[in-house]
Structure formats: C-alpha cells, structure tokens
Amino acid sequence: MVTDDIVSAFLKRFALLVLPIAALVPLIGALLTRRLTRRMQAVSATAAAIGPRTLDTRLPRGTLPSEVEPLAAATNEALDRLEDGFRTQAAFAADIAHELRTPLAVIRLRADAVDDAAVKTALLAAVDRAARVVTQLLALADLERPVEEDGEPLELLALAESVIAGRAPGIIAGGRTIALEDQSSDIGGTGYPGAIVLALENLVDNAVRHTPPGTAIVVQIGPGPASPSPTMATASRPTNSHG
C-alpha cells in the first residue's frame, strides 16, 4: 500500500536522524558531568583551604549550577559572620589585656610596700602570674590578625637566644640553670616567629614552674622526629647529670 511505503520511508529517514543523536547523547552527558565535576572539585578545594588565617577567602560565584548557587552564597555569608566574630574576639582580648595592665602595675607597687616578707612574696607571685596571662592574651590577639599564609623565614637560633636571654636572670636566681643546644645544622623553614616565641616562653616557664631548684633546663633546636623540619623542645635535667 502507498501508506505503508510512506510510513516505512519515514521511519528509515527518522532512524537515520535519531541514531546518531542517540549515540551522541551519552557522550554529551559525560562531557557535561565531567565539566560540572571539575567545577565542584575546584569549589571544594577552595572550601578546604579556608581556615583561621584565610577567613577572607570566599567560594567562587557564577561557576556552579543554579541549584547550588544559593548554597555557595549562604556559605559566603556564614564566612563573613565568622570573620567578623574572629576580629571582634581578637579586639576584645587585646582591649581586656590592655585594661588589666594598669591595675596590675598598681597592685605590684602596693605589694612592694608590704612589710611581711611571706605575704609580699605571695602577692608578687600572684601578680606575676596575672601579668604573664595578660602578655599571652596580647600575643594571641596579635597572632589572630591576618598574616601571610606561608609565614616568613625563621631563625630559630636567634628566637631561642632571645627567649633564654630574657628568662635566664630569673631562672638563675631561682637556683636553676638554662642552656641552649643547637642541633639544627642550618635547617631552614618558614613560620610565624611570634607564635614560636610564645610557645617557647610557655615551655620554659612550665619547666621552671614544675621542677625543683637545682634543675638544668636545656632548650634544644633540631629536626623533627619524622621530617627535616626544624623544631624546638625543652628538657629538664638534674644539675649533676651528664650529656
């Protein structure tokens, strides 16, 4: 029949058109999926790199599907609030530390005028502890400010020498000794000097606080246990020991 011939010819021509398109659809879908996956991986890498020192980083806009764009926008807004909170916290800690310095100085002056030696010693020790906390608050507030992610070149020997020079008079007056051992072999590195000085000061202060008179405190500079990265450590030894 004429109708059957027409239908048969149409179906043949339709098949010739549809089959190539049907073969291309999976390829096009795979290419689109791969492109979308790459974009999502890039955004995920950006999100993974966000930390306390990179709070100004935001997720890229305009590269994600329209269904995901609201999530990226909400995430960026949350990061804005988090960054504001960090800055407020750092400013608050710095303000508190500055405000406490003056009354601590006044208390120390009055403690110096106390006649009872035992009471005077206890008061001065308490004031010194409070002053140390205030100093640490100021240092932490300064460290929370935005800095370069890669840090800066470190001179561990110079940092350790400055800390020991500042602590040595009090340590020696307390009947202890302190020494520096440099085993770094000129190992280089980058980091944040302020954070390292604060950590080393705390280590030395803890060594003094938790050891009896007659202890030899040793600050060692050398490679880390699992890598050539430079590290610092303190060790307490009896004064009659060797090594």
Side-chain angles (χ1 to χ4, degrees), residues 52-53 90 93-94 96-98 100-101 104-105 107-109 111-112 117 120-145 147-148 150-243:
R53 296 186 178 277
I96 291 295
H98 281 296
L100 288 175
R101 279 188 163 184
L104 284 175
I107 294 173
R108 185 175 184 85
L109 288 174
D112 284 332
K120 179 179 178 179
T121 301
L123 286 174
L124 291 178
V127 172
D128 289 340
R129 285 196 299 270
R132 185 163 51 249
V133 172
V134 169
T135 301
Q136 292 174 352
L137 280 174
L138 285 172
L140 288 173
D142 184 65
L143 291 174
E144 287 180 352
R145 297 173 183 172
V147 295
E148 294 297 329
D150 294 334
E152 58 185 85
L154 293 176
E155 296 182 5
L156 293 183
L157 181 59
L159 295 176
E161 288 176 344
S162 66
V163 172
I164 292 174
R167 294 294 195 274
I171 291 173
I172 295 173
R176 300 170 182 82
T177 62
I178 186 167
L180 174 63
E181 292 182 359
D182 183 13
Q183 303 173 359
S184 60
S185 301
D186 297 326
I187 295 176
T190 58
Y192 306 101
I196 291 176
V197 168
L198 178 61
L200 184 56
E201 288 176 344
N202 286 334
L203 285 173
V204 173
D205 291 342
N206 287 335
V208 174
R209 193 176 301 113
H210 299 293
T211 58
T215 301
I217 300 171
V218 180
V219 177
Q220 298 175 334
I221 305 175
S227 69
S229 301
T231 59
M232 288 185 182
T234 60
S236 302
R237 307 171 181 169
T239 53
N240 59 356
S241 66
H242 299 282

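In this text, all values refer to a predicted model and were calculated from it rather than measured experimentally. Heavy atoms only: backbone and side chains are in, while hydrogens, waters and symmetry mates are out.
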Legend entry - Inter-residue atom distance N206.CG - N202.CG, 0.5 Å rounding: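 These two atoms lie 6.5 Å from each other.
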Do you know the tightest heavy-atom contact between [X] and [Y]?
{"X": "P213", "Y": "G174", "answer": "CB-O, 3.8 Å"}
{"X": "L156", "Y": "I221", "answer": "O-CD1, 3.7 Å"}
{"X": "A160", "Y": "L200", "answer": "CA-CD2, 3.7 Å"}

Legend entry - Partner set under side-chain contact (heavy atoms from CB on, under 4.5 Å) for L124, not counting sequence neighbours: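 Testing L124 for side-chain contact (heavy atoms from CB on, under 4.5 Å), a comparison that skips the adjacent residues, returns R108, A111, D112, K120.
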Inset, instruction - Applying side-chain contact (heavy atoms from CB on, under 4.5 Å) between L180 and each of V218, L157, I217, report the one that passes. - result: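 It is L157, the one option of V218, L157, I217 that forms the side-chain contact (heavy atoms from CB on, under 4.5 Å) with L180.
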Going by atom type alone, with no hydrogens or angles, which donor-acceptor pairs under 3.5 Å involve a side-chain atom of residues 161-170 and a protein atom two or more places apart or on another chain?
residue: S162; atom: OG; partner: L159; partner atom: O; Å: 2.6
residue: R167; atom: NE; partner: D205; partner atom: OD1; Å: 2.8
residue: R167; atom: NH2; partner: D205; partner atom: OD2; Å: 3.2

